[in-house]
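In what follows, a structure is listed as structure tokens, so that the remarks can point back to it.
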Amino acid sequence: MNPVRLIGRAALSLTRGIGAVTLFTLRGLFRLRPFHGRAFGAQLVQIGWLSLPVVGLTALFTGAALALQIHSGGARFQASDVVPAIVAIGMVRELGPVLGGLMVAARVASSIAAEIGTMKVTEQIDALVTLSTDPMRWLVTPRLWAAVLTVPVLVGVGDIIGIMGGWLVGTQSLGFNSTAYLANTSAYLERWDVVSGLLKGAVFGLIVAVCGCWFGIHSGRGAAGVGRATKSAVVAAAVGILAANFVLTGLFFE
Amino acid sequence: MIQVSGLRKSFGGKPVLSGVDLAVGQGESLCVIGQSGTGKSVLLKCILGLTQPDAGQILWQGRPLDRRTRPAFMARFGMLFQGAALFDSLTVWQNVAFRLRQRMPDAQARAVAIEKLARVGLGPETADLMPAELSGGMAKRAGLARAIADDPAVIFFDEPTTGLDPIRARRINDLIRGIVTETGATAITITHDMDSVRAIGDRVALLQDGRIAWEGQVPAMDHAAPLAGFLGNTPPL
Ligand SMILES: Nc1ncnc2c1ncn2[C@@H]1O[C@H](COP(=O)(O)OP(=O)(O)O)[C@@H](O)[C@H]1O
Ligand SMILES: [Mg+2]
């Protein structure tokens, strides 16, 4: 086929796709009436509470490894005492939200897509409609809001655990004094460092939930369809998080 | 009461429905029969607005079913899906009481649900089970209880006996007949089980090659040539 036409067609379908996902997200977020409180509560638990262990562990090991890296890397220019500050800034601004977001993507985007996809292929979504219930409001809205609200909290908890991971390594094996380590951390950490990371968390949460819901609702038929939907949701959420992180970091700190 | 005319739908260039005309009167029980994959489920989904038809009109009480009129239609509607389609994150009673819980307290909704479960032959001990714990026949019954929970005026049954053994199939047929007679609901049943047709239907329509190939009263179907293949007897000459 004519390559110009091919590029044109690709650009058109990309534009159409972005438009459709944007519309889907806005509908999912802002058509709040009637609001299904019970479904929302269940999603707060599913997306937020049950993700705590995996996000916490990720942060703990990341903070610990970061402390080791900065210590040995910093030694090259006699700056190994910057460990507390770099660990805190690195965790709070970058690694906490990104790695937390990726872990939530793995855990939550997949389970949302699989659950909604299965509901679609077993006609449960059609059943919702016949029971006068809008699938967007019943399935999508509670998940989007639960993710937007809980992922920043997860990121915040992860920040603290990550800093504690660095502190553990710093005080137990790098010879830092505990009080000095913590004082150094709080001296160099600014409020915007923390807030920007939490904002990233909210955006990443939205990306995860939108990917899960979108691919679930557009799942193909049969078990194979659900499998493809799940895979696409995780890949799209992970890539989306990394791309959004780059854009947001530029916006926040340039 | 429900009138379908000139309904067309194709998927990816492959026509499934090519001009279906069909009508069901108030309180009437219509069975639509046809081989697998002839578009029976698609026909129901078009009426419900779950699938957008390519052409044709669907009237309910003389008015087109569209964005504005459909909520009123759905409010008095119930459907039993082919695979029951129970919500697997909710217990059986929460499934049955799904509609009721949106406007009454849980205790009251649960009482109604248990009553409806009893109507379909399920004891109160099933109320707190999860759908995954039910056998196929029990899930169909629970799905039936959910369909009738809010006393619908119109009920659709999509292959109510498919996948059930003959004894359970007969019980479901009798249940459906009983419910349809008792409530005076308008019913459309999709099936390829002739026993269902005899048990449930007042009138029967054959869907073939995207159109209604034959339509008539249930007693007349034994003499209808187009149905011979279905009934497994030779066509009368
Ligand atoms: N959403 C869909 N996308 C593509 N093809 C579909 C879709 N729904 C149904 N079909 C096709 O339409 C035909 C009729 O399906 P269906 O109405 O489910 O048959 P049945 O009469 O057994 O209920 C089948 O060939 C099916 O593959
Ligand atoms: Mg079917």
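Throughout, protein chains are lettered first and strands after them, A, B, ... in sequence-line order, and every chain is numbered starting at 1.
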Original post:
For the candidates Asp126(A), Thr118(A), Leu128(A), which exhibits the highest count of non-hydrogen atom pairs separated by less than 4.5 Å from chain B?
Top reply: Asp126(A)

Subject >> Over all atoms of both residues, closest heavy-atom pair of Thr130(A) and Met74(B) >> reply: CA-SD, 4.0 Å

**OP:** Could you list which of residues 97-121 of chain B have a heavy atom closer than 4.5 Å to any heavy atom of chain A, in residue-number order?
**Re:** Phe98(B), Arg99(B), Arg101(B), Gln102(B), Asp106(B)

Subject >> Heavy atoms of other groups near Arg171(B) CZ, more than 12 under 6.0 Å >> reply: no

Subject >> Atom group of Thr133(A) that falls short of 4.5 Å from chain B, counting heavy atoms >> reply: side chain

**OP:** Would you give the length of the straight line joining atom OG of Ser89(B) to atom CD of Gln46(A), rounded to the nearest 0.5 angstrom?
**Re:** 9.5 Å

Original post:
Do other residues, nucleotides or ligands put more than 12 heavy atoms under 6.0 Å from the CD atom of Glu133(B)?
Top reply: yes

Original post:
Should we count CZ of Arg168(B) as having more than 12 external heavy atoms under 6.0 Å?
Top reply: no

Original post:
Tell me, side chain or backbone of Asp150(B) under 4.5 Å from chain A's heavy atoms, or both, or neither?
Top reply: neither

**OP:** Pick one of side chain, backbone, both or neither for Ile125(A), based on which atoms fall under 4.5 Å of a heavy atom in chain B.
**Re:** neither

Subject >> chain A interface, residue from Phe73(B), Phe87(B), Phe156(B), Phe77(B) that has the most non-hydrogen pairs under 4.5 Å >> reply: Phe87(B)

**OP:** Please lay out, stage by stage, how Val129(A) and Leu50(B) fare under the test side-chain contact (heavy atoms from CB on, under 4.5 Å).
**Re:** CA-CA 8 Å; Val129(A) 176; Leu50(B) 294 168; 3.6 Å; yes

Original post:
When rounded to the nearest 0.5 angstrom, what distance separates CD in Gln124(A) from CG in Asn95(B)?
Top reply: 8.0 Å

Subject >> Glu182(B) atom CD, over 12 foreign heavy atoms within 6.0 Å >> reply: yes

**OP:** Please report the closest heavy-atom contact between Ala127(A) and Arg146(B), naming both atoms and the distance.
**Re:** CB-NH2, 3.5 Å

Original post:
Which bit of Thr122(A) comes within less than 4.5 Å of chain B, counting heavy atoms only: side chain, backbone, both or neither?
Top reply: backbone

